[in-house]
Amino acid sequence: MIKTAIHKIYVILGKENKGDLEQLSRTLSGLFSYVNMTSNLYLVAGNLPESMPQVERIQKDVIKFLRENLFARLYLHFVHAIPQTTVKGIDYYFQYYYQYLKRETREFDQEGYVYQEVPRFMLLPVIVPGNRLEPALLITLLDTLKGDFMLPCLYLDRSVFFLAQDKDLMARTEKVYYGNDDSREPAAIACNMFNGDLLNDSLEMLTSEDRFVPGPCQASLIISAQDGKVYTCLDAFRKNQSLTDIYKSNSVDALMTLYYEHGGSKRDCLECRARVPESFADLPISQRRKQRIGALLCHFGTLYHDAGDDIQAVEKYEQSLKLSLVQEAGHINFRLGLGYTNIGRFDQAVKAFNNAELTYQSQYYFHFYKGRCYFEMGDYQAALSEFLQALHLKPQQEDLVKILIYAGSCHNSLGEYEEAAVVLEKAEKASGHVKEIYNALGFSYFQLKNYDKAIEKLLMAVEIDPCSAVDYASLGANYREKGDFDKAIVMYEKALALDPDMILASENLERLKKRI
Amino acid sequence: MNILLIEINPFASATTPISLGYIAAYLKSNGFGVKILAVGEDMSLSCSGFHELINSFKPALVGLTAYQRTMLYVKGFAGLIKSIDNNIKIIIGGPQATFMPSSSFAVLADIDYICRSSGEVTLLRIARAVDSGTPFSDLLGVSYKDSDGAVYDTPEIEAFTDLDQYSSPYLNDVFDYSCMREAIMLTSRGCPHHCIYCYTPQAFKHKITFHSVDRVIEEIKWISKKGVKRLWFADPNISFKPERLIELLDRILSENLKFEMWMQTRADLVTKELMKKMKQAGVKTIAFGLESASEQVLTKLGKHLAVEKVAQAIRMAQQQKIDVELFTIFGLPYESFDDAVKTLEFVKKNNVKIMGNTNSQQMQIYFGTHLAGHYKDYNIRPLNTDRPAYISIGSQYETEYIRTSELHEIQNMWRAHSLDGGKRIVS
Ligand code: B12
Ligand code: SF4
Ligand code: SF4
C-alpha cells in the first residue's frame, strides 16, 4: 500500500516578512516530495503588489522542483484582487505581474511542445474583480492571458455576481469560483474555493455512483502564511484545529509524520460535505446545477437517515426540496415524511406525505406510513381511512398483518368493536402468533362483553409473552366481569408481580379482595 | 529477485495494464517476484511514496512502458529510480520503444535496455542475466547500453506463435481488482494488413497469432469471479477468423457468462449473423476503423477497405442495437481539407454519436510505422526537426495537401460536434 500523496496545497498569503518567507519557502520545497504526481498549489493573496515577492519566490521553488522531477506536473493558481478599473491600470498589471511570472515558466511550454503534450507547469491566475471593473476590460484581460498560455479563472463574490450573466466573459473563463459572502479576506476566499471544489467532488461521486458514501476529499493542506499554522483540510481549518506551526517547528518530515498520523481519517466527512451545498443554492449558477445540488442534498438526507440521525435528514430534505426538480419533489417529500415520523413530528410528516400523494398514492406502504402518523396524532378516523386504502392495495404478507392490527386498533379507539374484531380476526388468520393481535382482540371482545372470547385471546397473548403485565391485568378484568373473582385475583397478582407500579391492577385487586 | 513494472498515464484514469500483466505473469511463473504499478491520473503517488515502494520491494530490475506521450514521465521515473539506487537496471518497452532508434540512449541517461521483441521472453532473459550478476551477457531482443556507455543491438528473439504458451495475467493473479471496472482481454495479437500509419503490422511482422477459445473462456470465468462486469477486447481484429469469434461468443452464452463487452474489428470482417450473436452474448459497443471517408485517401492508406463497406457494417450493428464507434483520423497523406470534412459528414450521416472513440484526431506518425520511415515519399513535412531521438514526428507535421491552420480548423469542427468535449480514449 503506497501512502497517500498531497493533491492540493492552499497557501494563505499575508504581509511579507523576510524570515517567515524563508521558512515558508523551505516548507513548501520540502512538501513537494509529498505531493502527488499531478498537484495543485493555490496561492491566495489579498492584493498582488503586497504578495508578489511571496508568489515569485514560491514559483521559483516550484520551477526548481519540476526541473528536477520530470514526472511531476503542477498547476499554480494565484488568487488576487484586481482593484484597477482603467485600461492603463489593467495593462500595468499584465506587464508587471502576469507577464513577469509567465516569463519564468516558458521552458515548460517549450518542453510541452517538444513532447506534444500539455505542459507540466500551468499558471492559472484567479482574478477577484472589483465591482467597478467594466466587463469589457476584464474580457480583454482574459484574452490577453489566454494568448500568453495562461488559464484565467474568476472568483466572484456577491458584489459581482452580475458578471456571471455575461456570456462572453464566462466563455473566456477556465473556471469560476463563487464566494457566498462579500469578504475579500484571503482566508475566506480560500475556504470558498475549497468548498466549491468539495461540492464538485461530491457531485461527481453522485454522478458515478448514486449511493456513494462520502469519504475524505483529495488529500490537501492549508497553510496560513500569516501565522504559520498548517491544517489538514478545510474542516480542520474552519474549526481552527491546526496540525502544527511551521514558524515554530521547521521539519517537513515531522509535519508529514503528524499528517499521516492525524490525516483526514478522524474527520466527519459527511457532516463536512453536507454543510456545503446549501450555501451554493443562491449563487448565480445554472438551474441544472441547482437541481443536481438538490439531488445531492437529498442523498445526504438519506445517509443521515440511514445513520439514525433523522433531525439532520429532515433538514437536508427540506433544503433539497427548494432546489430539486418538480418531478423529484414527490420522492423527497416521501422521505421527508418518514424523517418527520421518526422524530415524532407527525403533523409535519402528514404535510410532507400529502405533498407526496400524487407520486405514491398507488403504493400501499405510503398509506400505511401516513396512517401511522394520523394514528399517533389521535386522528383515528383519518388513520383508519389510510389503513383501509393500504389494505385495498394488496400489501405484502408481513406488512398486511401490521396494517390489520393498526386498522383494528383504530376501530377499537373509535368504539367500533365489532368491526375491530372482524379486522383483527383476519390478522390472526393471516399470521397467527402475534401478541398485539390477541391483545387488541382481547380489548374488542371485552368491550363487546364476550368475556370468554376475550379470555381465550388474552391467554394466547400471555402464552406468546408471559411477561406482559397488561394482558394479565386485562385477563383479570374479564374474569372479574364473569364473576370468577378467584381467577381474577390470580391474574391481577401476576400483573403486579411483573409490574408492581401498575395502579390499575393494584386498585382492582384491592377492590376484589374487599368484595370477597 | 524482484522486478517492478510501471505503466504511466497521467492524462487518464489507469486502465488494466494488460501487456505488463502478460510480462508479469510470465516472469512470475518463472520464479521472479513481480509487482505492477499502473499510474493513472486518479492514482495518489508522491516521490516519497515511490521511495518507500522501491525501498521496501527492492527491485533489481524495473520495466517502464513507453508511449510517445509519456516519454517525459518515463525519463522522470527512471531518474528517480536511479537516484534511489543506481544499481537498479531499467528497461523500457512497449509501442514507443520497439522501434525507437538506439541513438536515443545518448539522451536517455538512466535507461539500460530498450525492448525490441516480445516483452515476455525478452525480459525473462534479461531478468536471468541481472539475477546472475552479468546483466549484459547473452541477451536477445534488446538494445542496451553497457556500463561504459557503449550501445549494442542484439538479434531478435522469436515470439511464441501459440499465445497459450504465455502465462495468463488473469489466472496467475497479477492484477489488483479492487478498482478494476473493466478487464482488458487480448485474445489475439498482430495484424496481417498494411495500413501505412499503423504500428501493429510491423511489430508483429504482419502475422496474427491467437489464444485458444478454451484459454479465453477460462480467463473470463476468473474475471467473472472477481466481480468485474465489463470486458474490453483489445484485439485489433477480433473477427479475423469469424468462426473463432462465433465459437467464443457461443461459449460465453452456453457458460452463462454475463458481461458488457466492447470489441473492435475491421468493417469488412462482420456479417449479420455475427452481429446477432454479438448482441446476444452482451456486446454493447463495436468499433470500426474508418480513418477517412474519402475513397481516394483510403485507397492510399493500404487499408483496402471501401467506405460503403463501413456504412453497411454500421447499419448491421445499428439494426442489432449495438452502439457503434468509428475510429477516424485527419491529416492523412493526400488528404485535403475537403476530404477531411467528408469524414465528419460521413459520421454524422450514419448517425454515429460523436463522443468517446468517435472523436477524431490528427494522425500521429509513430516509430515503426511505414509512414515514419517514408514520410518524405508522402510529402509530409515535419514541423519540429529538433526533437529528442526518442520522440517521433507525432502530429507535428504539415502535408502538401493540408496546412497546420486547416488541421486546427478540422480539429475545432470535430470538437464543436462532439457530445463529450472531444477526448478520445484509444489511439
Ligand atoms: C489496445 C490498445 C490500447 C488499449 C490497451 C493497451 C495495452 N495493450 O495495454 C488502451 C485503450 C488502454 C490503449 C490506450 C492508449 N493507447 Co493504445 N493501442 C491499443 C492497440 C489497438 C493494440 C495494442 C495491443 O494490445 N497490442 C498487443 C500487445 C501484446 O502489444 P504491446 O502492448 O505492444 O506489448 C508488447 C511489446 O510492446 C512489449 N511491451 C509492452 N510493454 C512493455 C513494457 C516493458 C517494460 C517491456 C520490457 C516490454 C513491453 O511486450 C508486449 C508483449 O510482447 C494499439 C494499436 C494497434 N493496432 O496495435 C494502440 C497503440 C499501442 N496505442 C497507442 C496510444 C497512443 C495509446 C494512448 C496514449 C491513447 C490516448 N490518447 O490516451 C493510450 C495510452 C495508454 C497508457 N497506458 O498510457 C499508440 C502508441 C503509439 C506510441 N508509440 O506511443 C498505438 C500503437 C496506436 C497507434 N496510434 O498507432 N491502447
Ligand atoms: S472533513 Fe473530509 S471531506 Fe471535509 S475537508 Fe476534511 S477530508 Fe475533506
Ligand atoms: S489499422 Fe487495423 S487493419 Fe490496419 S494494420 Fe493496423 S491493426 Fe491492421
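In this text the structure is predicted, and so the values were computed from the model without any measurement. Each chain gets a letter, A, B and so on, in the order the sequences are listed, and its residues count up from 1.
No side-chain heavy atom of A:F237 sits under 4.5 Å from any side-chain heavy atom of A:F194. Inter-residue side-chain proximity for A:F121 and A:L76 is flagged as met; some heavy-atom pair is nearer than 4.5 Å. Contact of the B:L4 side chain with the B:I88 side chain is not registered, since no non-hydrogen atoms from C-beta on lie closer than 4.5 Å. Proximity of A:F108 to A:I63: side-chain heavy atoms (C-beta onward) are separated by under 4.5 Å at one or more points. Two residues are said to be in side-chain contact when any heavy atoms from C-beta on lie closer than 4.5 Å; A:F212 and A:L296 meet this criterion.
Under a cut-off of 6.0 angstrom, the local environment of CZ in B:F57 is crowded, with over 12 non-hydrogen atoms contributed by other residues, nucleotides or ligands.
When all heavy atoms are compared, the tightest approach of B:S360 to B:T328 is OG-OG1, 2.8 Å.
Heavy-atom distances place the side chain of B:L53, and not its backbone, under 4.5 Å from chain A. Of the atoms belonging to B:I391, it is side-chain heavy atoms, and not backbone ones, that fall under 4.5 Å from chain A. For a residue to count as touching a neighbouring chain, one of its non-hydrogen atoms must lie under 4.5 Å from one of that chain's; by this rule B:V74 does not touch chain A. Only the backbone of A:V35 comes within less than 4.5 Å of a heavy atom of chain B; no side-chain atom from C-beta onward does.
Under the rule for a ring pair (Phe, Tyr, Trp, His ring centres under 6.0 Å), the partners of A:F71 that lie at least two apart in sequence or sit in another chain are B:F77.
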If the cut-off is 3.5 angstrom, what donor-acceptor pairs do you find between chain B and chain A?
| from | atom 1 | to | atom 2 | distance (Å) |
| --- | --- | --- | --- | --- |
| B:S44 | OG | A:A5 | N | 2.8 |
| B:S44 | OG | A:A5 | O | 3.4 |
| B:S44 | OG | A:H7 | NE2 | 3.1 |
| B:L45 | N | A:N36 | OD1 | 2.7 |
| B:L45 | O | A:M37 | N | 2.9 |
| B:C47 | N | A:S33 | O | 3.3 |
| B:S48 | N | A:S33 | O | 2.9 |
| B:S48 | OG | A:K3 | NZ | 2.7 |
| B:E52 | OE2 | A:K3 | NZ | 2.7 |
| B:R69 | NE | A:E117 | OE2 | 2.8 |
| B:R69 | NH2 | A:E117 | OE2 | 2.6 |
| B:Y390 | OH | A:Y115 | OH | 2.3 |
| B:I393 | O | A:Q116 | NE2 | 2.9 |
| B:S395 | N | A:Q116 | OE1 | 2.9 |
| B:S395 | OG | A:Q116 | OE1 | 3.4 |
| B:Q396 | OE1 | A:Q116 | NE2 | 3.1 |
| B:Q396 | NE2 | A:Y113 | O | 2.7 |

